[in-house]
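Per chain, numbering begins at 1; letters A, B, ... match sequence-line order. All of these numbers come straight from a predicted model, not from anything done at the bench.
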Protein chains: 2
Amino acid sequence: MSHFPCAKEIDAKEVLKEKGLKSTPQRLAVLHVLHESTKYLSINDILDKTKELLPNTGLATIYRTLDVLAEIGLITRVHFEDGCHTYAYSSDSHGHHIVCTTCNKIMDFAECPFDDYLENLSIKTGFKIKNHFLQLFGECNECAGSAS
Amino acid sequence: MSHFPCAKEIDAKEVLKEKGLKSTPQRLAVLHVLHESTKYLSINDILDKTKELLPNTGLATIYRTLDVLAEIGLITRVHFEDGCHTYAYSSDSHGHHIVCTTCNKIMDFAECPFDDYLENLSIKTGFKIKNHFLQLFGECNECAGSAS
DNA sequence: ATTATAATTGAGAAAGTTTCTCAATTGGGT
DNA sequence: ACCCAATTGAGAAACTTTCTCAATTATAAT
């Protein structure tokens, strides 16, 4: 089938294979779409952009594919304070995200210096903390630059 | 109308008044329900528990009320990795949450020692960070205690 | 207390979103 | 090239959220 010349395509195929999942054009296309975009994409945006690559793609496939890709860590859900979540490509499976509240640009960053803090909090609260979810909202430099 | 003897009821009335919003029994009841519960509550859970206090409450009112209460900071949305969000009472408008992945208990904590880190990241990424959202997942001591 | 009025509510309809079903197709191993 | 389990597309079904509007009600003014 057709190719989406994405730097991560080979990695993705590897990961899919490891998990016993097929590398279908649909899965690679969705991944490509998310990887290309620096902005928030709704489900329909993802469907539309995927259809540019694979015109017959169905909506159910998008839902299924996003679930699969999130499950294996190739993408991450991004939550908004209102409304609900969308998905973004993660360069690192532990990636956190910064979201621009003006243009919806999403940038991921892997740094996570919270380990000491979390250990502390773990003792205080009695929770055995397994996972955390940090997301920042703000304005990217381009949006902050334009008149407010 | 009836009373829900909640420690925060007076505060809530104050806040609602400040914002020019009415203190309706529905709003106080929903707040009471969230305040009582230490666990994740779905929309229908919230509706059911609210109906125990006010039997005629409609679903649309729950949605509207949650929006209003979140807007003014009396409650906070809680997101889950899969599925979507729910709401929890916040003792502090800057409250973060810890969620038990076994029993769904939600505990809020106000501590937030990230300011230095965020300033740093702000410089690095060019984002003017306005808001952040931290949520921890783990096991509470009770659940961790029981056999796994 | 009574009244006026704008905000809020309940109920069901409408709109929107997500999941399910199943026959057809296809990726990947042999 | 073949086989088989995994995956897909399409539409139906289920579920969730928002909208509409007449009736109700909290609050402020009288």
Starting at atom [atom1] of [X], determine the distance to atom [atom2] of [N], rounded to an integer number of angstrom.
X: B:Leu47; N: D:dC15; atom1: CG; atom2: C1'; value: 15 Å
X: A:Leu69; N: D:dT7; atom1: CG; atom2: C1'; value: 13 Å
X: A:Leu28; N: D:dA6; atom1: CG; atom2: P; value: 19 Å
X: B:Glu14; N: D:dT27; atom1: CD; atom2: C1'; value: 15 Å
X: A:Leu16; N: D:dT7; atom1: CG; atom2: C1'; value: 12 Å
X: B:Asp67; N: D:dT16; atom1: CG; atom2: C1'; value: 13 Å

Side chains of A:Thr61 and A:Thr24: does their closest heavy-atom pair fall under 4.5 Å?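 Counting from C-beta outward, A:Thr61 and A:Thr24 never come under 4.5 Å.
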Considering only heavy atoms from C-beta outward, does the side chain of B:Lys13 approach that of B:Leu28 to under 4.5 Å?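 With C-beta onward as the side chain, the pair touches.
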Which heavy-atom pair separates B:Tyr87 from B:Ile75 by the least distance, and what is that distance?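 Looking at all heavy atoms of both residues, the shortest contact is CD2-CD1, 3.4 Å.
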Could you run down nucleotides 8-17 of chain C 5' to 3' and tag each one B, S or - for protein heavy-atom contact under 4.0 Å? SBBBB----S
For atom NZ of B:Lys130, is the number of surrounding heavy atoms from other residues, nucleotides or ligands below 6.0 Å larger than 12? yes
Under a 4.0 Å threshold between the charged nitrogen and the carboxylate oxygen, would A:Lys105 count as salt-bridged to A:Glu142? yes
Sole residue of A:Ile46, A:Val33, A:Asn44, A:Asp67 in side chain to side chain contact (heavy atoms under 4.5 Å, CB included) with A:Ile62: A:Ile46
